[in-house]
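Remarks on the structure that follows.
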Protein chains: 2
Amino acid sequence: MEEGFEKFRQYLCEKGLKSTRQRKIILKAFLKSTSHLSTEDLYLSLRKKYPGIGYATVYRTLKLFAECGIAEEQNFGDGQTRFEPSHQENHHDHLVCTACHSIIEFENPQIEKLQEEVAANHGFTTTHHRLELYGLCHKCSS
Amino acid sequence: MEEGFEKFRQYLCEKGLKSTRQRKIILKAFLKSTSHLSTEDLYLSLRKKYPGIGYATVYRTLKLFAECGIAEEQNFGDGQTRFEPSHQENHHDHLVCTACHSIIEFENPQIEKLQEEVAANHGFTTTHHRLELYGLCHKCSS
DNA sequence: CCTATATTGATAATCATTTTCATGTGGAGG
DNA sequence: CCTCCACATGAAAATGATTATCAATATAGG
Ligand SMILES: [Mn+2]
Ligand SMILES: [Mn+2]
Ligand SMILES: [Zn+2]
Ligand SMILES: [Zn+2]
């Protein structure tokens with residue numbers, strides 16, 4: 001969280017970008033979130049308190065967050081790109097309920113390791129991956 | 001392949017849909033393919049031999065294929081949905097080169113098994129999943 | 001304070017996909 | 001073979017998410 005602010009400040013500095021009122025507002029709201037936000041989600045929630053902020057700015061800013069590594073981009077097949085704050089170094093993947101759209105996060109080092117092996121066996125150097133398990137959550141399957 | 005034709009015929013029958021000239025043409029071209037085709041890919045290649053076929057029809061037909069299980073839908077993050085013929089029962093996942101966009105397919109029962117375990121541990125019943133490893137292929141990393 | 005440069009918000013433009021709708025066609029039942 | 005009609009088609013318009021444009025504005029360094 002605190003780390004996110006610092007990382008972003010650093011990134012803006014490196015790239016010669018500016019720290020603006022809007023970027024601060026969006027960053028604060030984003031880092032506070034614990035879910036997987038679409039641009040629209042964030043835009044609508046900000047709009048209540050800060051009516052002046054433009055849709056395009058939210059798009060641009062979330063993309064900046066992803067570029068500088070404080071946001072992870074997700075795509076659960078509903079047609080909207082979603083973002084979540086990067087939880088420091090530990091990567092996670094997702095279980096997605098196709099009924100209630102709830103999302104469960106999990107970490108599985110064994111799977112990650114096997115993925116690396118697969119890649120290596122094919123002479124591949126991986127930069128990132130995406131693993132999503134779709135189905136019915138406990139609640140929805142009963 | 002032959003199996004694909006039969007499965008589609010069956011599906012149309014069940015749903016009270018009709019077997020049309022266009023559906024036959026599209027199905028034949030699709031099942032012959034060995035790559036991951038976007039609607040546009042398929043439309044453009046068909047258009048040479050069959051100029052009359054409409055873009056919307058290709059969209060509609062590929063969706064039908066996915067519904068009846070003879071096509072798998074893929075999404076490698078380039079903004080276009082892609083389809084590939086379902087290779088009977090053996091599921092595979094993908095290595096995607098972010099430089100040359102080549103795709104390598106792999107099967108890994110160990111990973112699949114671990115995925116099921118993860119799901120079960122969370123009370124999840126999975127219907128399908130998506131696993132993609134992104135990075136540089138052998139050729140592009142040298 | 002001034003200035004060069006980046007940023008913003010409104011709007012238009014893109015791009016993939018879906019819908020609409022008038023016209024055409026497959027195939028069940030005569 | 002015909003007829004009929006639900007389903008299918010193709011062209012074009014509509015949609016929805018995202019991106020580009022551009023005039024006005026704000027930031028940061030000197
Ligand atoms: Mn997550
Ligand atoms: Mn494949
Ligand atoms: Zn659920
Ligand atoms: Zn490559």
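Just so you know, these numbers use all the heavy atoms, side chains as well, and skip hydrogens, waters and symmetry mates. If you're wondering where the values come from, they're calculated on a predicted model, not measured in any experiment. Sequence lines set the chain letters: A, B, ... in the order given, protein chains first and strands last, and positions in each chain run from 1.
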Would you say the side-chain atoms of [X] and [Y] include a donor-acceptor pair closer than 3.5 Å?
X: Glu72(A); Y: Ser86(A); answer: yes
X: Thr126(B); Y: Glu116(B); answer: yes
X: Gln115(B); Y: His129(B); answer: yes

In whole angstrom, what separates [X]'s [atom1] from [N]'s [atom2]?
X: Asp78(A); N: dT18(C); atom1: CG; atom2: P; value: 14 Å
X: Tyr59(B); N: dA8(D); atom1: OH; atom2: C1'; value: 19 Å
X: Gln22(B); N: dG10(D); atom1: CD; atom2: P; value: 4 Å
X: Tyr43(B); N: dT17(C); atom1: OH; atom2: C1'; value: 15 Å
X: Glu40(A); N: dT18(D); atom1: CD; atom2: P; value: 9 Å

*Take Leu64(B) and Gly79(A), find for each the nucleotide of DNA chain D with the closest heavy atom, and name the residue whose nucleotide sits nearer the 5' end.*
Leu64(B)
Pairs under 3.5 angstrom, nitrogen or oxygen only, protein versus nucleotides 19-23 of chain C, please.
unit_1  : atom_1 : unit_2   : atom_2 : d
dT20(C) : O4     : Arg60(B) : NH1    : 3.4

*Considering all heavy atoms, the nearest Lys18(A)-Arg23(A) contact*: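 Smallest heavy-atom distance, with atoms named: O-NH1, 2.7 Å.
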Nucleotides 26-30 of chain C: which of its N/O atoms have a protein N/O under 3.5 Å away?
unit_1  : atom_1 : unit_2   : atom_2 : d
dG26(C) : O3'    : Ser19(B) : O      : 3.4
dG26(C) : N2     : Lys18(B) : NZ     : 3.0
dG26(C) : N3     : Lys18(B) : NZ     : 3.3
dG27(C) : OP1    : Ser19(B) : N      : 3.4

_Under 4.0 Å, counting only non-hydrogen atoms across every strand here, what does Thr81(A) touch: a base, just sugar-phosphate, or nothing?_
sugar-phosphate
*Can you figure out which of dG10(D), dT17(C), dG9(C) approaches the side chain of Ile53(A) most closely?*
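Looking only at side-chain atoms, Ile53(A) lies closest to dG9(C).
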*All side-chain hydrogen bond (donor to acceptor under 3.5 Å, both in side chains) counterparts of His92(A), not counting sequence neighbours*: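 By the side-chain hydrogen bond (donor to acceptor under 3.5 Å, both in side chains) rule, His92(A) matches Glu84(A), His94(A), Glu105(A).
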_Set of side-chain hydrogen bond (donor to acceptor under 3.5 Å, both in side chains) partners for Arg82(B), sequence neighbours left out_ =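 By the side-chain hydrogen bond (donor to acceptor under 3.5 Å, both in side chains) rule, Arg82(B) matches Asp41(B), Asp78(B).
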*Are Leu27(A) and Ile70(A) close enough that some pair of their side-chain heavy atoms sits under 4.5 Å apart?*
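Contact flag for Leu27(A)/Ile70(A) side chains = yes.
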_Quick test of your reading: applying ring-ring contact (aromatic ring centres under 6.0 Å, His included), list the pairs with at least one residue in residues 98-125 of chain B, sequence neighbours left out, ordered by first then second residue._
none
*asked:* Going by the rule salt bridge (Lys or Arg N to Asp or Glu O under 4.0 Å), which residues pair with Arg47(B) if we only count those two or more places apart in sequence or in a different chain?
replied: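 Testing Arg47(B) for salt bridge (Lys or Arg N to Asp or Glu O under 4.0 Å), a comparison that skips the adjacent residues, returns none.
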